[in-house]
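To start, the structure itself, in structure tokens.
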Amino acid sequence: MKPRIFLDVETAYDRWAASYDTYDNPMVYAATVALERQLERFAGKSVAELGCGTGRNLAALTRAGAASLWGCDLSAGMLEKAKAAAPDATLVQHDITRPLPVETGRFDAALVSLAYEHVERLDEPTAELARILRPGGFALILEIHPFMTLSGVGAHFPDGDHDIHMPSHPHSFSDWLGALRHAGLTVTGCTEWRGRDFGPGAPVKLRERYADTPFLVEWMVSS
């Protein structure tokens, strides 16, 4: 087993940026599959992605016909990758726990994928998510299932002779529902994805180790 190094979120993702899209990551695979199922909802919409990473989701939203894209991420290294993946998107380096640098009601839709794991408190970023949506807008939130984080599973990656870990905060369903309610968002759908839900093409670890374990939670909410 490789020795662990614990880094802050920004530093860790700066180091991960070069290999993020090629690393065999079952959680990223799961979130990608879940997003693909919802992509058509974003066609013709102005969309914000909070924690846009390397821009892989922004590129998918472009292919799905999103009218305009705005993304932010804490990591400058990730944003460099995003600029190449989604050249037409407006990109900003920003911490999603802080007020977002966009006006109220600017977007028709929003996406948050595998970013809230690194947020200690859900209330502030969820309130900002609600603020930037127009009335009648919607947001898709994809996140590691609390069963996983509560069992000690969190984002990590190999880097040379070490395994890099970073802060990962478990959020119970009561945490999620409280934050969404306080932000004035209405839950219109909630899916708990298990390993076997992803079919035979999923990574072996996902299909076998987590076959019957809730692995990813998908929230669909409206403003």
Side-chain angles (χ1 to χ4, degrees), residues 4 6-14 16 20 27-28 30-31 34-35 47-53 57 70-79 91-107 109-134 137-157 164-193 214-223:
R4 294 186 178 188
F6 289 87
L7 300 175
D8 64 83
V9 174
E10 182 178 359
T11 303
Y13 276 98
D14 278 347
W16 201 358
Y20 188 87
M27 192 62 66
V28 172
L35 173 60
V47 186
E49 183 178 13
L50 312 189
C52 64
N57 294 333
W70 180 93
C72 68
D73 200 273
L74 182 62
S75 163
M78 287 286 190
L79 286 172
L91 300 173
V92 178
Q93 185 175 6
H94 189 76
D95 181 348
I96 65 170
T97 66
R98 310 286 294 177
L100 296 169
V102 291
E103 61 269 26
T104 298
R106 175 174 170 181
F107 299 105
L111 171 66
V112 189
S113 179
L114 306 182
Y116 278 170
E117 170 190 354
H118 305 299
V119 171
E120 186 172 3
R121 288 177 47 82
L122 293 174
D123 287 351
E124 290 82 1
T126 306
E128 278 296 284
L129 177 67
R131 182 186 68 79
I132 66 173
L133 288 174
R134 66 166 178 78
F138 71 90
L140 173 64
I141 303 170
L142 302 168
E143 192 52 80
I144 181 173
H145 196 284
F147 284 6
M148 301 297 294
T149 44
L150 288 168
S151 66
V153 175
H156 64 96
F157 64 99
I164 307 298
H165 288 249
M166 65 206 80
S168 180
H169 303 282
H171 302 298
S172 67
F173 273 72
S174 61
D175 293 333
W176 279 107
L177 292 171
L180 294 167
R181 178 173 57 82
H182 288 146
L185 294 169
T186 300
V187 176
T188 58
C190 179
T191 302
E192 297 176 85
W193 290 80
F215 190 76
L216 181 85
V217 61
E218 171 189 332
W219 297 98
M220 184 65 74
V221 300
S222 63
S223 59

Between CD of E218 and SG of C190, what distance do you get to the nearest 0.5 Å?
8.5 Å

I141 vs L129 side-chain heavy atoms within contact, under 4.5 Å
yes

Residues forming a side chain to side chain donor-acceptor pair (under 3.5 Å) with R106, sequence neighbours excluded
none

Which pair of heavy atoms, one from H94 and one from C72, lies closest together, and at what distance?
CB-CB, 4.0 Å

N/O donor-acceptor pair under 3.5 Å between S151 side chain and M148 backbone:
yes

Ring centres under 6.0 Å, that's the criterion: do F6 and H165 meet it?
yes

Decide yes or no on side chain to side chain contact (heavy atoms under 4.5 Å, CB included) for H145 and V217, but give the supporting numbers first.
CA-CA 5 Å; H145 196 284; V217 61; 4.1 Å; yes

Once rounded to the nearest 0.5 Å, what's the spacing between atom CG of L216 and atom CD of E143?
8.0 Å

Residue pair S168 / E117, side-chain donor-acceptor N/O under 3.5 Å
yes

Do you know which of F173, Y116, W193 makes ring pair (Phe, Tyr, Trp, His ring centres under 6.0 Å) with W219?
F173

Where do E124 and T97 come nearest, in terms of heavy atoms and distance?
CB-O, 4.2 Å

Looking at L111, L91, V92, which one forms a side chain to side chain contact (heavy atoms under 4.5 Å, CB included) with C52?
L91

Would you confirm whether the ring centroid of Y13 sits within less than 6.0 angstrom of the ring centroid of W16?
yes

Would you give the length of the straight line joining atom CG of L74 to atom OG1 of T11, rounded to the nearest 0.5 angstrom?
8.5 Å

Can you tell me if F147 has over 12 outside heavy atoms packed within less than 6.0 Å of its CZ?
no

Would you confirm whether R131, through its side chain, and V102, through its main-chain N or O, come within 3.5 Å as a donor-acceptor pair?
yes

Does any donor atom in the side chain of D73 or S75 lie under 3.5 Å from an acceptor atom in the other side chain?
no

For residues L140 and M220, report the shortest heavy-atom separation together with the two atoms involved.
CD1-CE, 3.8 Å

Please find the pair of heavy atoms, one from A12 and one from I164, that lie closest to each other, and give the distance.
CB-CG2, 4.2 Å

Would you say H171's side chain and P146's backbone share a donor-acceptor pair under 3.5 angstrom?
no

Would you give the length of the straight line joining atom CD of E128 to atom CG of L100, rounded to the nearest 0.5 angstrom?
4.5 Å

Interatomic distance, CE@M78 vs OH@Y20, rounded to 0.5 Å, equals 5.5 Å

Sequence neighbours left out, what pairs pass salt bridge (Lys or Arg N to Asp or Glu O under 4.0 Å) with at least one residue falling in residues 167-182?
none

Kindly give the heavy-atom pair with the smallest separation between A179 and T126, and that separation in Å.
O-CG2, 3.7 Å

Side chains of E49 and F107: does their closest heavy-atom pair fall under 4.5 Å?
no

List the residues meeting salt bridge (charged side-chain N to carboxylate O under 4.0 Å, His left out) with E192, not counting sequence neighbours, and say none if there are none.
none

OG1/T104 to CZ/R134 distance, rounded to the nearest 0.5 angstrom?
15.0 Å

Closest heavy-atom pair, N57 versus S113, reported as atoms and distance to 0.1 Å, is ND2-CB, 3.6 Å

